[in-house]
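The structure appears right after this line, and notes come after that.
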Amino acid sequence: MEELLDPALGQVRVFLMHDDNKPRKLKYNLGHARLLTFGGAYSNHIRAVAEAGQRHGIDTIGVIRGEEHLPLNPTIAHAVACGMTITYLDRASYRLKHTEEVRARLRERWGQDVVILPEGGSNAEAVRGCAELPAEITADYDVVACPVGTGGTLAGISAGLPEGKRALGFAVLKGAGFLAGEVERLQREAYGRVWSNWELNLDYHFGGYARSTPALERFIAKFRVEGIYVAKMLYGLLDLARQGAFAPGTRIVAVITGRPAERATSASQPRPAHREEPRQPDHDDGQGQREHHPHQSSTSHS
């Protein structure tokens, strides 16, 4: 692991562990004939599920929030090329996707055998996959830090930590206090208990999901890191170290989520902080609009 070097850290040491958490979340969710999941138009989760479906011969359906835009963006085009069927839901419908009524409609439409994964892929199986991460850390450490979008990675890391170690998550959403309850729920569903060795920091969202500020943009440019998740975590770590939040000599492993290509291309994607902040992850009613099927052109619909 490489070490992050900056005078702001003082006697605190931060080591960078590059780890694509999407395969971890999917590891124990595979083995089904059909998977349906949800995401935004640039969702890395949608991309990961489509790729997993192609590798393992699984039919995949991606329910995308919002309206169709042509030509397809690279994320959706890649998912279609991998064999995923894409369908779109207006935002009002999408907010209802958590209800049992909607799940019944989805199964009626896509088949009773379809397995429904939540947006972001965080469920009990994902927690078990992420719990394997601490055992792969090769350096001595006291704290494992990670960015938090849905809570699954933090829930799993916490569950997999050896005695005496701590997990620290940095929420990338504004108003993300609800995520603490999500972490507890996910741990309880996966293991029947909740750990007390984790903390969720809410102070470094920079205006909300995919939002940014001039200070964060300068940080992204300086360290050349992905801007939606990773930069917020690293900025938070340096700022907390500067404030003396960590004891001298503390060794922190910062989990750099996503693949190298995403880290290289995503730095310029965060949006200005003044735009409207989305609330908790939306939900859908199963009433799809247009669809893209595998191997069809981007202008074909069913």
Side-chain angles (χ1 to χ4, degrees), residues 12 14 16-17 19 21-22 24-25 45 98 118-124 126-131 133-134 137 141-191 193-213 216 219 225-247 250-258 270 273 277-281:
V12 175
V14 174
L16 307 181
M17 179 179 183
D19 186 86
N21 64 340
K22 297 303 181 184
R24 291 188 187 276
K25 287 185 172 183
H45 172 64
H98 64 295
E119 187 174 31
S122 288
N123 58 11
V127 171
R128 288 193 283 271
C130 291
L133 184 149
I137 298 175
Y141 68 95
D142 304 294
V143 178
V144 179
C146 67
V148 178
T150 56
T153 301
L154 178 59
I157 289 173
S158 162
L161 285 175
E163 192 69 27
K165 311 298 184 182
R166 295 186 294 130
L168 174 59
F170 289 86
V172 301
L173 314 173
K174 184 178 180 180
F178 71 94
L179 284 174
E182 283 295 290
V183 173
E184 293 178 350
R185 177 186 66 81
L186 288 165
Q187 288 187 334
R188 196 173 289 112
E189 289 182 0
Y191 297 105
R193 58 162 291 191
V194 174
W195 277 259
S196 59
N197 60 356
W198 59 273
E199 177 184 350
L200 178 65
N201 186 289
L202 306 177
D203 297 333
Y204 298 96
H205 56 74
F206 292 89
Y209 182 78
R211 270 57 174 180
S212 189
T213 66
L216 185 63
F219 186 90
V225 291
E226 183 272 328
I228 296 175
Y229 292 93
V230 174
K232 295 181 179 183
M233 170 191 63
L234 293 179
Y235 190 107
L237 286 174
L238 265 66
D239 194 49
L240 290 175
R242 187 182 298 112
Q243 298 174 34
F246 304 110
T250 298
R251 298 169 64 92
I252 302 170
V253 172
V255 180
I256 310 300
T257 54
E277 164 64 18
R279 293 180 292 277
Q280 299 182 26

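Residues satisfying the salt bridge (Lys or Arg N to Asp or Glu O under 4.0 Å) criterion with Glu189, sequence neighbours excluded, are Arg185.
Across all non-hydrogen atoms, the minimal contact from Val127 to Gly152 is CG2-O, 4.1 Å. Contact record, Thr153 with Cys146: CG2-SG, 4.3 Å, taken as the closest heavy-atom pair. Residues Ala145 and Ile252 share a closest heavy-atom pair of CB-CG2, 4.1 Å. In this structure, Cys130 and Lys25 approach most closely via the heavy-atom pair SG-CG, 3.9 Å. Of all heavy-atom pairs between Ala171 and Leu202, the closest is CB-CD2, 3.9 Å. Closest approach of Val172 and Gly149 over heavy atoms only: CG2-CA, 4.2 Å.
At least one side-chain heavy atom of Val143 sits under 4.5 Å from a side-chain heavy atom of Thr250. Contact of the Val183 side chain with the Ser158 side chain is not registered, since no non-hydrogen atoms from C-beta on lie closer than 4.5 Å.
Ser122 and Glu182 share no side-chain donor-acceptor pair at under 3.5 Å.
One N or O on the side chain of Gln187 and one on the backbone of Trp195 form a donor-acceptor pair closer than 3.5 Å. Within the 3.5 Å criterion, the main-chain N or O of Phe170 finds no donor-acceptor partner in the side chain of Asn201.
Every pair tested for salt bridge (charged side-chain N to carboxylate O under 4.0 Å, His left out) that includes a residue from residues 143-169 fails, sequence neighbours excluded, so the list is empty.
Interatomic distance, CG of Leu200 versus CG of Leu168, reported as 8.5 Å (0.5 Å rounding). Interatomic distance, CG of Leu161 versus CH2 of Trp198, reported as 12.5 Å (0.5 Å rounding). For the atom pair OG1 of Thr257 and CG of Asn21, the computed distance is 5.0 Å after rounding to the nearest 0.5 Å. Taken from OG1 in Thr150 to CD in Glu119, the straight-line distance is 8.5 Å, to the nearest 0.5 Å.
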Review item, side-chain donor-acceptor pairs of residues 228-242, under 3.5 Å, at least two apart:
unit_1	atom_1	unit_2	atom_2	d
Tyr229	OH	Tyr209	OH	3.3
Lys232	NZ	His205	O	2.7
Lys232	NZ	Gly208	O	2.7
Lys232	NZ	Arg211	O	3.4
Asp239	OD1	Arg242	NH1	2.9
Asp239	OD2	Tyr204	OH	2.7
Asp239	OD2	Gln243	NE2	2.8

